[in-house]
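Below is one structure, written out as structure tokens, with a few remarks after it.
Start at 1 and go down the list; that is how both ligands and their atoms are numbered. Excluded from the calculations below are hydrogen atoms, water molecules and symmetry mates; all remaining heavy atoms, backbone and side chain alike, are included. Given the structure is predicted, the values throughout are model-derived calculations rather than measurements.
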Amino acid sequence: MENCIFCKIVQGEINANFVYRDGEIVVFRDIKPKAKHHILVVPVEHVESLLDLQDKHFSLLTKMIKVIQQLVKEHKLDSAYKLMVNGGKYQEVPHLHLHLLAD
Ligand code: 5GP
Ligand code: ZN
């Protein structure tokens, strides 16, 4: 999607501090962290919001959760972490992403 900042990050047009990536999911650190660890889990496909997810996306969502499980374990964040999805006026970037926040 043109002019989408997360599509530009996915495509390597804008730099980010990448934590993980595969063909379907890209994970990088938030530019303005609101916790010691503030990680964004982003699908490669431009899906605008949670409400735009269709049946065909649900295996992708499961994969995002699995990636988060791995991140929490590998980065030893299991003592204090939370997941967040913003929508409507709370969503600044209109490309679906899960926030992983941890101490
Ligand atoms: P939202 O409100 O859409 O759920 O959150 C968007 C998040 O993306 C914010 O926490 C914001 O700091 C982060 N963000 C916005 N632009 C960039 C960017 O260019 N690079 C990175 N790494 N994070 C960004
Ligand atoms: Zn996008």
Looking at [X], which atoms of ligand 1 are within less than 4.0 Å of one of its heavy atoms?
X     : answer
Gln91 : 2 (O), 3 (O)
His99 : 1 (P), 4 (O), 5 (O), 7 (C), 10 (O)
Lys32 : 12 (O)
His97 : 1 (P), 3 (O), 4 (O), 5 (O), 6 (C)
Phe6  : 8 (O)
Tyr90 : 2 (O)

Cluster check Leu40, Val72: I/L/V/M/F/W/Y, side chain < 4.5 angstrom: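 Not linked; separate clusters.
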Check the hydrophobic clustering (I, L, V, M, F, W, Y; side-chain heavy atoms under 4.5 Å; chains of links allowed) and say if Leu96 and Val10 are grouped together.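 No, because Leu96 and Val10 fall into different hydrophobic clusters, even though each may have its own neighbours under 4.5 Å.
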Look only at the side chain of Gln91 and the backbone of Glu48, and say whether a donor-acceptor pair between them is shorter than 3.5 Å.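 Answer holds: yes.
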Within the supplied structure, the quantity of interest is the number of heavy atoms (other residues, nucleotides, ligands) at a distance under 6.0 Å from Asp22 CG; does it exceed 12?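 Check passes, neighbour count above 12.
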Ring-plane angle category for Phe28 and Phe18, please: parallel below 30°, perpendicular beyond 60°, tilted otherwise.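 Ring orientation of Phe28 relative to Phe18: perpendicular.
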When you look for heavy atoms under 4.0 Å from ligand 1, do you find them on the side chain of [X], its backbone, both, or neither?
X     : answer
Ile5  : side chain
Asn17 : neither
Phe18 : neither
Val85 : neither

For atom 14 (N) of ligand 1, what is the closest protein heavy atom, and at what distance to 0.1 Å?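 For atom 14 (N) of ligand 1, the nearest protein heavy atom comes out as Ile31 CG2, 3.9 Å.
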Kindly confirm or rule out an N or O of Ala16 lying under 3.5 angstrom from an N or O of ligand 1.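 No, there is no polar N/O contact under 3.5 Å.
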Any N or O on Arg29 sitting closer than 3.5 Å to an N or O of ligand 1?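 Yes, at least one N or O pair falls under 3.5 Å.
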May I have the angle between Cys7 SG and Cys4 SG with its vertex at the Zn ion (ligand 2), rounded to 10°?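 An angle of 120° at the metal.
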When the ring centroid of His97 is compared with that of His95, is the distance short of 6.0 Å?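 Ring centres of His95 and His97 not closer than 6.0 Å.
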Minimum distance, heavy atoms only, to atom 7 (C) of ligand 1: which one of Val93, Val42, Asp30, Leu98 is it?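 Among Val93, Val42, Asp30, Leu98, the closest heavy atom to atom 7 (C) of ligand 1 belongs to Asp30.
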